[in-house]
Amino acid sequence: MPDGQSLDITITVNGEARTVVVDTRTTLLDALRDRLHLSGTKKGCGLGQCGACTVLLDGRRIVSCLTFAVMAEGKAVTTIEGLAQDGSLHPLQAAFVEHDAFQCGYCTPGQIMSAAGLLSEGRNGTDDEIRDLMSGNICRCGAYTNILAAIRDVLPRESGR
Amino acid sequence: MSETRIQDRGEAETLRDVPHHKLAAAADKAIRGGVARPVAHDSAARHVTGAAVYVDDIPELPGTLHLHVATSSRAHARVAAIDLAPVRAAPGVVAVLSAGDIPGENDCSPVFHDDPVFAEGEVQYAGQSLFAVAAVTREAARAAAALARIEYEDLPALLTVDDALAADADLLPPHEMRLGDPEAAIAAAPRRLAGTIRVGGQDHFYLEGQIAYAVPGEGEDVLVHSSTQHPSEVQHTVAKVLGVADHAVTVEVRRMGGGFGGKESQPALFAAIAALAAKKTGRPAKLRVDRDDDMVMTGKRHDFRIDWEVGFDGSGRIAGAVFRQAARCGYSADLSGGIADRAMFHADNAYDLRAARIHSRRLKTHTVSNTAFRGFGGPQGMIATERVLDAVAFALGRDPLDVRRANFYPPGGGAVTPYHQEVTDSVVSEMVEELERSSGYRARRQAVRAFNAGSPILKKGISLTPVKFGISFTATHLNQAGALVHVYKDGSVHLNHGGTEMGQGLFVKVAQVVAEVFQIDLDRVKITATTTAKVPNTSATAASSGSDLNGMAAKAAAEAIRGRLVAFAAAKYRLPEDRIVFLPNRVRIGNEEMSFPDLVQEAYLNQVSLSSTGFYATPGIHYDRETASGKPFFYYAYGAAVSEVAIDTLTGENRVLRVDILHDVGRSLNPAIDLGQIEGGFIQGLGWLTTEELWWDEAGRLRTHAPSTYKIPTANDRPDDMRIAIWSKGENRAETVFRSKAVGEPPLMLALSAFSAIVDAVAAAADYRAFPDLDAPATPERVLAAVEDARRRAGFA
């Protein structure tokens, strides 16, 4: 296997500028977990199909296992570790606790980041539409009812629908 | 300074009475988090902040190596030559491990010594482990492994149940259960039917894949962090492979990102390889299996073919039934014997068959060795039973619910199962009656018929099916558990037991039990990682037994310490023991009260042991294989579900529109956790029966090895309308922990209602003139084929 090129990149992670040296083929997921030791973001399938690795890139949700770290250069990444502010849980995090919206917890960071993406992308809609928007995040324990209830608690109800 | 802090070197005999803390005014309130409370999962706050540590999140020690396992590309072949020199020479490679590097036994099987860690000479499935590479990075290990030069000479491969039946390839001896004379009963019955149903397997797809992280210790010692439901077995396997005593190996797991049975026997291979690498190199070694590799390498739910015959009367009452079950076990035994047994134990589901023969064959194929999956054969046994009930009802033109009801085990006892256990606790009639009412079943059934009459393309179906699930490991000796409880001098409690946490909420339930015994708030009980060093010789957290067994063991440990505290207080204050009463966060001693920590401190100063193990073994269960009879189950868990579905007769697509569930959890230890298990079990069962299709190609290679090709239910596949209730009258007649019932597996089989409802909808597509021949999973392709087949048989043009 030929060596990839290594690059010095700076990414703003959870509000803090972080510089890492990465192989150009390193995924953002591996950079976050292995280099920056932010292990809250999980690797589920490595194929962008389970959603466990969801983070926000400049406020939009992406699957970090299919994003090269170099693609985040100069951008802002928000991970599950960056969601709570000043020691108090983000409303989504609090709602997930309130609604028991998990079992094993492995998909939970991805579910919450995906829901945070709905907020920051200004997406909303009926329960059906929310389910559709969240269908990229698999919960193998099947806690979908409570996940939806938690998200519904936090997303503003759209008027006129 | 508190006297209790003086552990040594104190002046002799200087102890004074402990100054008692003022009791809080709120002390009258019940404790926070006792049993029967809907307490949140103990890791809730960590789960939502990403702070919950799974094995891959443990900070890596310096020098940690990463492993990749190279596997067979052939289903059945002789390995003519294998050249690993290019692998060893690849950049970053530190060690290459194959069969010759194993100091102990080259085996990671649970029982039969038939699962080599590394195949030697012959490979028996595409995906079988051949060798492992330890390198400085995962990428280097993977890239190096691809450089191996392997020459295969292909051998004939058996891939399917039918292949194995044709070749008479029994992996394990057949087993048979017999009640009465079913052949005579069927022959004498007014009506007879026969059929075949095939049901597919299922991949666990635990979101956290298989992983092990081994840290070498001094001498022969090794510590293995393993994502496993069965630490004791991983410990034993690692020791066996390394050729050391079990005491040299410690296996620890705080939590898993899902298990579902896939982490019962399967983690042993990966833990053994990681431990082997760690001991060979002297460096920590991590094996995190890539998702596609995980799906190819690890066992799945057994697929079955079941042939059935039934005799019945004009009301649908069954006179006798015969089930011939054929399970595809794969290349090795693994847990297939127990799984095939449990399929037999559930061939009756909730029905008194009166006369029955259950015959089981456990077939060898050159595919991955199938393994435990939530339900452990029970779901496969029950799907055929429900097919029989649907077929009988169709033949008689009766509502399937009426036929089911006519055959339920009677509530008063008296009827026996095909394995001769009397069913004394049947609540199925009562539950079904309640669900029939609450779900509006009858009116909705009419509405479905009316809808279908006016809808040429979309067809609806509805079905109510029951669940009766036997609780206990059917290998009787496994029904034991241990726990370890320490009370520290400040009154805080350390809890450890042999059960493992995979998201099912076992840890919080057992902690609730301990909090209840001591009458202290739940946050005073520390839940700690499962480790073979604290509680030995544990059984897998499986068979829905986690709370039943570990809850009782922890209760025993806590009660032992409480008993010592009572004896101490009674002696010290010269009171009978019944005057010492544990109240919320305090203890009444005669007419005085003191806080729990104060009593603990006094006990410590008076040299009372504040640590205890606890042990529990389920009483009175047994099974005699020779006579195929006994009482293998301590009790049964019951449930029932109504599913209403719609199918599109042009595409075969299907959807569950509404499901109503009533489930019996006895007296729930934690209703919030139990509801989650019921809902999640149903969804997982629905996936097994509708969308999750495993597909092997003609060369025996699994081609559905990622969520791109293997469809797991998403938020969108959840039924739009789910109405789940815990049965309010539920109680366990058996003496279980606070009279609760096991809940892990039984709800999965509630999804059989959806499968039966799809059958009903397919029948509607043929105007109810032909009974559908639908196998599981009911993918759009199968539904479409079943519609066309039923219409053809019904004489549609």
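Looking only at side-chain heavy atoms (C-beta outward), B:Pro713 and A:Arg140 come within less than 4.5 Å of each other. Between A:Lys43 and B:Glu208, every side-chain heavy-atom pair lies at or beyond the 4.5 Å cut-off. Looking at heavy atoms from C-beta onward, B:Asn716 lies out of side-chain contact with A:Met134 at the 4.5 angstrom threshold. Counting only heavy atoms from C-beta outward, the side chains of A:Leu47 and B:Asp292 approach each other to under 4.5 Å. B:Asp720 is listed as a side-chain neighbour of A:Asp128, based on a closest heavy-atom distance under 4.5 Å.
Here the closest heavy-atom approach between residue A:Ala52 and residue B:Leu207 is recorded as CB-CD1, 3.8 Å. Between A:Tyr144 and B:Thr714, the shortest heavy-atom contact is OH-CA, 3.3 Å. Between A:Ile80 and B:Val48, the shortest heavy-atom distance links the atoms CD1-O, 3.2 Å. In plain terms, the two heavy atoms of B:Ala715 and A:Arg131 that are nearest each other are O-CD, 2.8 Å.
Using a 4.5 Å cut-off between heavy atoms, A:Asn137 does not touch chain B at all. When heavy atoms are compared at a cutoff of 4.5 Å, B:Ala40 approaches chain A by way of both its backbone and its side chain. Residue B:Asp294: no heavy atom, backbone or side chain, is found under 4.5 Å from chain A. Neither the backbone nor the side chain of A:Leu38 has a heavy atom closer than 4.5 Å to any heavy atom of chain B. Only the side chain of B:Phe260 comes within contact range of chain A, with heavy atoms under 4.5 Å apart. Heavy-atom distances place both the backbone and the side chain of B:Ser708 under 4.5 Å from chain A. With a threshold of 4.5 angstrom between heavy atoms, B:Glu60 does not approach chain A through any atom at all. In this structure, no portion of B:Asp717 lies under 4.5 Å from any heavy atom of chain A. Both the backbone and the side chain of A:Ile138 come within less than 4.5 Å of a heavy atom in chain B. With a 4.5 angstrom heavy-atom cutoff, B:Met256 touches chain A only via backbone atoms. Residue contact with chain B, scored on non-hydrogen atoms closer than 4.5 Å, is absent for A:Leu148.
We find that B:Asp57 and A:Arg33 are joined by a salt bridge, their nearest charged nitrogen and carboxylate oxygen being less than 4.0 Å apart.
For B:Arg37, the CZ atom sits in a loose shell: 12 or fewer heavy atoms of surrounding residues, nucleotides or ligands are nearer than 6.0 Å. Environment of CZ in B:Arg88: crowded, with over 12 heavy atoms of neighbouring residues, nucleotides or ligands closer than 6.0 Å.
Interface summary for chain A: among B:Glu692, B:Arg46, B:Arg255, B:Gln504, the most heavy-atom pairs under 4.5 angstrom belong to B:Glu692. The greatest number of non-hydrogen atom pairs below 4.5 Å with chain B, out of A:Asp132, A:Thr145, A:Leu133, is found for A:Thr145. Interface remark: of the candidates A:Ala143, A:Cys139, A:Ser135, A:Gly40, A:Ser135 forms the most heavy-atom pairs closer than 4.5 Å to chain B. Taking B:Glu679, B:Gln684, B:His41 one by one and counting their heavy-atom pairs under 4.5 Å with chain A, the maximum is reached by B:Glu679.
Side-chain atoms of B:Tyr54 come within 3.5 Å of backbone atoms of A:Tyr106 as a donor-acceptor pair (strictly under, hydrogens ignored).
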Trace of the side chain to side chain contact (heavy atoms under 4.5 Å, CB included) decision for A:Glu81 with B:Thr49: CA-CA 6 Å; A:Glu81 290 92 345; B:Thr49 54; over 6 Å; no

Verdict with reasoning, A:Asp34 to B:Arg138, per salt bridge (Lys or Arg N to Asp or Glu O under 4.0 Å): CA-CA 11 Å; A:Asp34 299 345; B:Arg138 279 189 300 273; 3.0 Å; yes

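Within residues 92-104 of chain A, the residues that have a heavy atom under 4.5 Å from a heavy atom of chain B are A:Gln93, A:Phe96, A:Val97, A:Asp100, A:Phe102, A:Gln103, A:Cys104, listed by number.
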